[in-house]
There are 2 protein chains.
Amino acid sequence: MGASLDLAVSTVILALLPGTAAGCGDETLQLHLPLVRRTREPFDGRWALPGGWVTPDERLSSAARRTLAETTGLRPSYLEQLYTFGAPHRSPTGRVVSVVYTALVRAPEAAAVEVGENVRWAPADRLPDTVGELAFDHAEIVDYALWRLRTKVGYAAIAQHFLAEVFTLAELRGVHEAVLGKSLDPANFRRSVAASGAVEATDEVRAGAAHRPARLYRAVLPPGGATGGYPPWQSRPELG
Amino acid sequence: MGASLDLAVSTVILALLPGTAAGCGDETLQLHLPLVRRTREPFDGRWALPGGWVTPDERLSSAARRTLAETTGLRPSYLEQLYTFGAPHRSPTGRVVSVVYTALVRAPEAAAVEVGENVRWAPADRLPDTVGELAFDHAEIVDYALWRLRTKVGYAAIAQHFLAEVFTLAELRGVHEAVLGKSLDPANFRRSVAASGAVEATDEVRAGAAHRPARLYRAVLPPGGATGGYPPWQSRPELG
DNA sequence: GGAATAGTGTCTTTCAGACATTATACG
DNA sequence: CGTATAATGTCTGAAAGACACTATTCC
């Protein structure tokens with residue numbers, strides 16, 4: 001029946017880490033992703049997205065979770081199917097179709113990744129400068145994942161997956177600013193987030209800084225009780 | 001390397017046809033899709049989405065075009081990857097991963113489809129009433145395709161793919177109304193379409209009706225010259 | 001009190017929606 | 001001339017952006 005081809009999953013894992021880039025001496029947050037170095041042909045020595053083969057009995061999202069855990073040890077706070085890439089000559093070794101996922105991880109988990117000779121974090125916007133050309137068509141895949149995150153953050157509540165369970169609005173705004181690459185007006189950001197109903201105030205504050213303490217908020221999952229009008233699943237466990 | 005599984009493509013083909021549904025005696029346009037009847041197990045006798053297996057040397061989108069042409073004879077004016085479904089037990093006969101595409105076809109082409117014992121058009125919103133339960137998870141897939149079309153028609157210029165090369169704004173509005181299932185204010189629709197830059201006026205009009213002739217418009221492809229800020233490809237030939 | 005950020009108020013612009021009005025065809 | 005739709009004008013309310021202002025904490 002089916003053709004003789006190999007089905008893989010790859011994941012664009014994104015985390016917000018302090019900008020290690022040149023000229024960013026400050027606390028600037030920057031999108032980073034973990035890459036793994038290939039240790040065999042094709043593209044031996046080049047950096048690539050974490051991934052692996054799909055086994056017969058697991059769902060695609062489970063394969064994504066498993067392979068990214070195996071290669072990086074990470075467990076994402078958010079996982080979403082991005083796109084399926086299957087051009088005939090993506091891989092020089094034969095036909096490979098890759099179902100690509102996007103994952104978001106929080107900074108503490110990201111920091112726990114054991115970086116080594118064959119695993120490293122790289123700033124998502126400056127991949128060629130830092131790690132050279134990626135293997136396969138992975139550079140294109142990363143570009144698409146970034147485009148989608150940047151557009152989606154405008155209408156869906158996903159930025160919180162970069163943060164802890166409770167967070168201040170300034171922290172949430174920092175995430176948006178880092179993702180979009182521009183600064184946002186604190187007052188207007190506060191209003192639009194409040195109006196969206198995506199967060200609810202807790203009765204706690206974050207004190208300790210040299211200014212008025214900030215209230216802590218928590219993400220509120222689906223607006224209504226149904227899917228909120230967005231993807232039919234994505235709020236259900238997963239689908240496949 | 002890869003697991004032993006079968007890779008298929010299926011396509012949700014959508015056309016706007018006069019509503020044949022009960023209670024719709026008028027010119028009401030309604031979203032329809034062609035279904036094919038299965039002639040073997042599993043789901044023998046049930047209706048299913050057109051599709052087939054991916055061959056080793058064709059891109060996924062080509063496989064979608066080929067299989068939908070083979071089963072229905074259609075050649076779509078628009079084709080876009082929707083989602084990849086791969087739950088372990090979607091098919092009782094073994095692991096099947098389906099890359100699903102959405103296609104839009106114009107009414108004249110749709111009318112040319114040879115309907116028969118094993119091919120028919122069905123109204124997209126009333127599938128259970130007209131054709132019973134679809135095979136596999138195809139009902140869920142159709143729901144998702146409809147959801148995506150309805151959300152996308154709000155921000156992307158895709159409704160024109162249901163129309164001929166030139167069209168009046170009333171025709172374009174009729175498409176939007178049929179897709180969204182609600183009527184739109186002609187004046188406001190005209191303004192928003194003009195502001196989007198998605199259409200340009202020709203110097204021709206459509207006369208012959210008992211009222212002032214309507215100007216004909218043509219779709220203008222990518223707003224600027226680049227991708228217009230939307231998916232990195234989707235304006236390029238195809239990718240993946 | 002000074003510095004710094006949290007949080008509010010307000011003005012303007014933009015845009016969607018409701019709806020009135022004018023324009024131009026056919027019969 | 002009547003009718004029907006094309007196309008334009010205008011008003012209103014909601015939301016986004018710019019920015020002034022008040023509130024509260026640490027030092």
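Everything quoted here is computed from the prediction, not taken from an experiment. Quick note on labels: first sequence line is chain A, next is B, and so on, each numbered from 1.
The structure places CD1 of A:Ile13 at 4.5 Å from OG1 of A:Thr72, a figure rounded to the nearest 0.5 Å. Between the CG atom in B:Leu82 and the OG1 atom in A:Thr84 there is a gap of 10.5 Å [rounded to 0.5 Å].
Considering only residues two or more places apart in sequence or on other chains, A:Asp129 meets the side chain to side chain donor-acceptor pair (under 3.5 Å) condition with none of them. In this view, A:Phe167 satisfies the ring pair (Phe, Tyr, Trp, His ring centres under 6.0 Å) rule with no residue, not counting sequence neighbours. With sequence neighbours left out, B:Thr102 forms a side chain to side chain donor-acceptor pair (under 3.5 Å) with no residue at all. Residues satisfying the side chain to side chain contact (heavy atoms under 4.5 Å, CB included) test with B:Val119, not counting sequence neighbours, are B:Val36, B:Val113. For A:Arg75, there are no salt bridge (Lys or Arg N to Asp or Glu O under 4.0 Å) partners two or more places apart in sequence or in a different chain.
Between B:Leu16 and B:Leu31, some side-chain heavy-atom pair lies under the 4.5 Å cut-off.
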* Asked: What one-letter contact string describes nucleotides 9-20 of chain D from 5' to 3', where B marks a base within less than 4.0 Å of any protein heavy atom, S marks contact via sugar-phosphate atoms alone, and - marks no contact?
  -> BB------BBB-
* Structure fact -> Per-nucleotide protein contact along nucleotides 21-27 of chain D, 5' to 3', at a 4.0 Å heavy-atom cut-off (B base, S sugar-phosphate only, - neither), is --BBBS-
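Ring planes of B:Trp147 and B:Tyr144: parallel class, angle under 30° (limits at 30 and 60°).
Contact footprint of chain B on DNA chain C: nucleotides with an atom under 4.0 Å from a non-hydrogen protein atom, first to last in 5' to 3' order, C:dG17 to C:dC26.
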Sequence neighbours left out, cut at 3.5 Å: what donor-acceptor pairs do the side chains of residues 174-185 of chain B make with other protein atoms?
unit_1	atom_1	unit_2	atom_2	d
B:Glu177	OE2	B:Arg173	NH1	3.3
B:Glu177	OE2	B:Leu184	N	2.9
B:Asp185	OD1	B:Ala187	N	2.8
B:Asp185	OD1	B:Asn188	N	3.0

Show which side-chain atoms of residues 208-216 of chain B pair as donor or acceptor with protein atoms under 3.5 Å away, not counting sequence neighbours.
unit_1	atom_1	unit_2	atom_2	d
B:Arg215	NH1	B:Thr202	O	2.9

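End-to-end axis angle for the helix from C:dG1-D:dC27 to C:dG27-D:dC1, using five pairs per end and rounding to 10°, comes out at 0°.
Screening residues 157-166 of chain B for side-chain hydrogen bond (donor to acceptor under 3.5 Å, both in side chains) gives B:Glu165-B:Arg218 as the qualifying pairs, with residues at least two apart or on separate chains.
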